[in-house]
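Heads up: the structure comes next, in structure tokens.
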Amino acid sequence: MHRQEVRTKEADEGRMEGNNLLHFLDSPNAHYRRKCEEYVSRHDGDTHFAASDIDPANARERLEHLLKQPANKFCADCGTPDPKWAALPFGALICIKCSGTHRSLGVHISKVISVNLDEWTDEEVNCLAGSGGNAKVNTRYEAFLPENYKKPRHDCTTEERSNFIRKKYELQQFVTDPQFSCPLRLNNKHAADKHPQQQNCSVRHGFGHPFRNSWRRKDTDHKGLKKMTDVGMVEFVGLIKVDIRRGTNLAVRDVMSSDPYVMLNLGHQSMKTKVIKNTLNPVWNERLMLSIPHPVPPLKLQVFDKDTFSSDDRMGDVEVDIQPLITAAREHESSAITGAVEVTKLLACEDGTLAKDSVISVVDGKVKQEITLRLQNVEHGELEIELECVPLSQ
């Protein structure tokens, strides 16, 4: 009987240890869902969180309460005061400069939303509260930060900021004790050729197991990692909100209709809208937000028809020069104008991408541009969007 009790105790301890390890092995989406579920389960019997708490006003009130916590008054990554952005999969409150690097990681790793610019749902507030704020986030993701490692400060270089954030969240190098993991040897080609197995036994890449062997990875995986690191060194000058409103007279890609969605690209960032089923005149009314890198690239929009059993069909594409909008936003910063005003008008032409004249204007202190785009490389189709530029200083 004594032996059976000992074995039961050891099994329970093993399960607890496994659960603690799995805490670090979640994908960001799984981590996000788990945090929300944990938070809700802890407050199931709490009278402070009734059904009325799911309204936006209440979510905003709870968010403001979380922002007042001492550790949340400073960026989790560089210590800049008054952070106005959140990386929800991790529950970290961060500054706008760090938010740019988080966005460059991709939404599959870090979902960044604004404290002031976005409407927070009750689920998102639950996730932030369930993660425990910046103090617990740093305790978790900087558990084994070397004593001589200097965290980036508010005035650090873009490269220093990017390297730290990638190591902290994407590679999660500070989550486990380094003496139990093999360093990633990217810069020693001779050692990599001589000991390929050691090279591939790396600290986690993405959200895999920290001790998982990756001997079957190809060299292209490591090239991809270097490319992603280079992407993170991009300097950002602001944010652009893209309201995808509707498509008109899109091309048929199925038997009689299509299932369209829009893919956005700005530099190395990509986002896409939901799929609208069985229509050539879809209405999305969906807002997507991207960081504006420097130098400023064109905003690329691609329309696809969603297919289940084959690759998605192209339904046209178009590029938008957002530099005039950025220039107007910068000029408005130093302007004393408070009312609505038309800044400039871009004229449409028959062989251009503008289907109608496009106006850049200031409305309620926001610099916006309404655009109706003529899709290229397709039989026909138009796309109606609205852009808003938010300079870095805001």
Side-chain angles (χ1 to χ4, degrees), residues 28-29 32-33 56 87-89 99 102-114 117-121 123-124 238-254 256-293 297-322 325 353-356 358 366 368-390:
N29 289 335
Y32 174 83
R33 290 193 300 271
L88 278 192
S99 74
H102 275 264
R103 287 179 185 278
S104 71
L105 298 178
V107 294
H108 62 292
I109 293 179
S110 187
K111 176 187 177 184
V112 180
I113 64 174
S114 168
L117 300 176
D118 289 309
E119 289 288 343
W120 283 62
T121 65
E123 183 184 39
E124 290 167 343
L239 298 166
I240 187 165
K241 294 193 229 179
V242 186
D243 288 348
I244 308 293
R245 292 182 174 174
R246 62 178 60 86
T248 304
N249 192 29
L250 300 184
V252 175
R253 287 296 179 265
D254 295 331
M256 296 292 292
S257 187
S258 297
D259 302 326
Y261 68 91
V262 179
M263 175 75 73
L264 289 182
N265 295 95
L266 186 64
H268 293 282
Q269 304 164 87
S270 297
M271 298 188 76
K272 65 180 181 179
T273 67
K274 59 190 174 185
V275 177
I276 306 295
K277 294 286 188 179
N278 195 33
T279 180
L280 301 179
N281 298 286
V283 177
W284 288 284
N285 284 332
E286 192 168 344
R287 172 172 292 182
L288 304 175
M289 194 181 308
L290 299 163
S291 299
I292 304 173
L299 175 66
K300 299 180 180 179
L301 299 96
Q302 298 172 285
V303 183
F304 291 92
D305 167 54
K306 181 66 177 178
D307 286 330
T308 304
F309 302 107
S310 61
S311 58
D312 296 346
D313 299 317
R314 294 181 177 273
M315 299 176 64
D317 56 78
V318 66
E319 291 190 358
V320 179
D321 181 10
I322 61 174
L325 179 66
T353 57
L354 290 179
K356 300 178 181 178
S358 177
K366 300 176 181 178
K368 299 184 176 183
Q369 181 180 5
E370 294 191 359
I371 313 176
T372 301
L373 296 161
R374 185 181 293 114
L375 293 173
Q376 308 295 299
N377 305 310
V378 69
E379 303 94 302
H380 47 74
E382 295 180 357
L383 203 58
E384 184 180 328
I385 66 173
E386 182 183 75
L387 306 179
E388 179 186 342
C389 179
V390 183

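The analysis underlying the following values was restricted to heavy atoms, covering all of them including side chains, and did not include hydrogens, waters or symmetry mates.
Looking at heavy atoms from C-beta onward, F304 lies in side-chain contact with R314 at the 4.5 angstrom threshold. Between S114 and V390 the shortest side-chain heavy-atom distance does not fall below 4.5 Å. The shortest distance between side-chain heavy atoms of M271 and L290 falls below 4.5 Å. Between P298 and D321, the closest side-chain pair of non-hydrogen atoms is not below 4.5 Å. I322 places a side-chain heavy atom less than 4.5 Å from the side chain of L266. Using a 4.5 Å cut-off on side-chain heavy atoms (C-beta onward), L88 and W120 make contact. Residues T372 and S358 are not in side-chain contact: their nearest non-hydrogen atoms beyond the backbone lie 4.5 Å or more apart.
Summarising the local packing, CZ of R245 is surrounded by more than 12 heavy atoms from other residues, nucleotides or ligands at distances under 6.0 Å.
Ionic pairing of E124 and K111 is present here: one or more N-O contacts between side-chain nitrogen and carboxylate oxygen are shorter than 4.0 angstrom. Under 4.0 Å is where a charged nitrogen must lie from a carboxylate oxygen, and between R253 and E379 at least one such pair does.
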- Would you check, one step at a time, whether the test side-chain contact (heavy atoms from CB on, under 4.5 Å) holds for L250 with V378? CA-CA 9 Å; L250 300 184; V378 69; over 6 Å; no

- Message: Could you walk me through whether C389 and I292 satisfy the side-chain contact (heavy atoms from CB on, under 4.5 Å) test, starting with their C-alpha distance in whole Å, then the side-chain angles of each, then the deciding distance to 0.1 Å, before giving a yes or no?
- Response: CA-CA 9 Å; C389 179; I292 304 173; 4.1 Å; yes

- Message: Working note: N265 + Q302, criterion side-chain contact (heavy atoms from CB on, under 4.5 Å); need CA distance, chi angles, decisive distance, verdict.
- Response: CA-CA 8 Å; N265 295 95; Q302 298 172 285; 3.4 Å; yes

- Message: Show, in sequence, the C-alpha distance, side-chain angles and deciding distance for I240 and L325, and conclude whether the side-chain contact (heavy atoms from CB on, under 4.5 Å) test is met.
- Response: CA-CA 10 Å; I240 187 165; L325 179 66; 4.1 Å; yes

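Here NZ of K241 is found 7.5 Å from NZ of K368. Values are rounded to the nearest 0.5 Å. Rounding to the nearest 0.5 angstrom, the gap separating the CG atom in L301 from the OG1 atom in T273 is 10.0 Å. Taking CE of M263 as the start and CG of L288 as the end, the distance is 10.5 Å to the nearest 0.5 Å. To the nearest 0.5 Å, atoms CZ (R103) and CD (Q269) are separated by 7.5 Å. In this structure, W284 CH2 and R246 CZ are separated by 10.5 Å, a value rounded to the nearest 0.5 Å. Atoms OG1 and CG, on T353 and L383 in that order, are 11.5 Å from each other to the nearest 0.5 Å.
Looking only at distances, a side-chain donor or acceptor of D312 sits under 3.5 Å from a matching main-chain atom of D307. Not one N or O on the side chain of D243 forms a donor-acceptor pair closer than 3.5 Å with the backbone of I385. With E286 contributing its side chain and K274 its backbone, the two residues share a donor-acceptor pair below 3.5 Å. Remark: side-chain polar atoms of H380 are paired, donor with acceptor, to backbone N or O of N249 under 3.5 angstrom. Using a distance-only test at 3.5 Å, with no hydrogens or angles considered, no donor-acceptor pair links the side chain of N377 to the main chain of G316.
In plain terms, the two heavy atoms of S110 and A87 that are nearest each other are OG-CB, 3.5 Å. The minimum heavy-atom distance linking P260 with P282 is given by the pair CG-CG, 3.6 Å. V283 and N285 make their closest contact through CG1-ND2, 3.4 Å (heavy atoms, listed as atom of the first residue, atom of the second, distance).
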